[in-house]
Amino acid sequence: MILSLMEQYSERLNGIFQTLADPTRTAVLGRLGKGPASISELAKPFDMALPSFMKHIHFLEDNGWIQTRKEGRVRICVIRKRPFAAVERWLSEQRALWEGRTDRLERFVAAAQKKGKSE
């Protein structure tokens, strides 16, 4: 049971970081952080064909980063906050882990230095 939860958590994190590793997708998310935008607005800064750009939009939507809706003949994209909360939670866990390790290392070094002075 615990292994299954860890595998699901790991898969979700892999998907999150796979999303963030692509410069086109991170740029789209950055733009959507400023507010909703149409597909054509989002595609404009990129030198790629619309079908290629749409693969990024589909990836973001399929992985829960964005939501799209149709307004007349225009498809509007809106950012979703839930994946960012997962990233923040993972980073907090990692920060706590590494701060604990560096605190132990600091105590070890201080003790070693103290021991070296007393000898």
Side-chain angles (χ1 to χ4, degrees):
M1 177 72 161
I2 291 176
L3 184 59
S4 176
L5 290 174
M6 290 298 292
E7 288 172 357
Q8 289 174 0
Y9 184 67
S10 181
E11 272 185 42
R12 189 170 41 221
L13 282 174
N14 289 343
I16 287 169
F17 288 111
Q18 184 179 5
T19 299
L20 297 176
D22 185 276
T24 301
R25 292 190 287 260
T26 55
V28 167
L29 291 173
R31 167 54 190 85
L32 289 175
K34 298 174 186 172
S38 69
I39 298 285
S40 59
E41 285 177 77
L42 293 170
K44 192 173 186 176
F46 300 100
D47 186 26
M48 68 176 71
L50 190 58
S52 296
F53 183 76
M54 287 305 295
K55 288 180 182 179
H56 291 287
I57 295 300
H58 292 304
F59 185 93
L60 290 169
E61 190 169 28
D62 292 345
N63 286 283
W65 287 91
I66 66 171
Q67 183 175 10
T68 63
R69 66 178 184 272
K70 192 113 175 182
E71 291 184 5
R73 301 185 84 186
V74 177
R75 184 156 294 279
I76 301 295
C77 299
V78 179
I79 201 163
R80 298 183 73 201
K81 296 178 183 174
R82 195 172 116 214
F84 291 97
V87 170
E88 188 174 347
R89 187 172 42 256
W90 183 82
L91 289 172
S92 293
E93 291 168 4
Q94 295 305 305
R95 186 179 308 111
L97 174 76
W98 285 101
E99 284 175 354
R101 288 178 178 174
T102 57
D103 289 347
R104 286 192 302 274
L105 178 60
E106 185 178 356
R107 287 191 300 272
F108 174 79
V109 170
Q113 287 175 340
K114 187 176 180 181
K115 183 180 178 183
K117 288 181 183 177
S118 66
E119 289 181 353

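Throughout, numbering of the chain's residues begins at 1 and tracks the sequence.
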In chain order, what residues pass the side chain to side chain donor-acceptor pair (under 3.5 Å) check against [X], with sequence neighbours excluded?
X: T24; answer: none
X: R75; answer: T68
X: R95; answer: none

What is the distance from atom [atom1] of [X] to atom [atom2] of [Y], rounded to the nearest 0.5 Å?
X: W65; Y: K81; atom1: CH2; atom2: NZ; value: 14.0 Å
X: C77; Y: L42; atom1: SG; atom2: CG; value: 5.0 Å
X: D22; Y: F59; atom1: CG; atom2: CZ; value: 8.0 Å
X: T26; Y: H56; atom1: OG1; atom2: NE2; value: 10.0 Å

Considering all heavy atoms of both residues, which atom of [X] and which atom of [Y] are nearest to each other, and what is their separation?
X: I39; Y: F53; result: O-CE2, 3.9 Å
X: L32; Y: A37; result: CD2-N, 3.8 Å
X: I79; Y: L29; result: CD1-O, 3.5 Å
X: S38; Y: V74; result: CB-CG1, 3.5 Å
X: R31; Y: E41; result: NH2-OE1, 3.5 Å

Check: Q18 main-chain N/O paired with R25 side-chain donor or acceptor under 3.5 Å: yes
Any chain of hydrophobic side-chain contacts (each under 4.5 Å) joining I66 to I76? no
Can you get from V28 to M54 by hopping between Ile, Leu, Val, Met, Phe, Trp and Tyr side chains that sit under 4.5 Å apart? yes
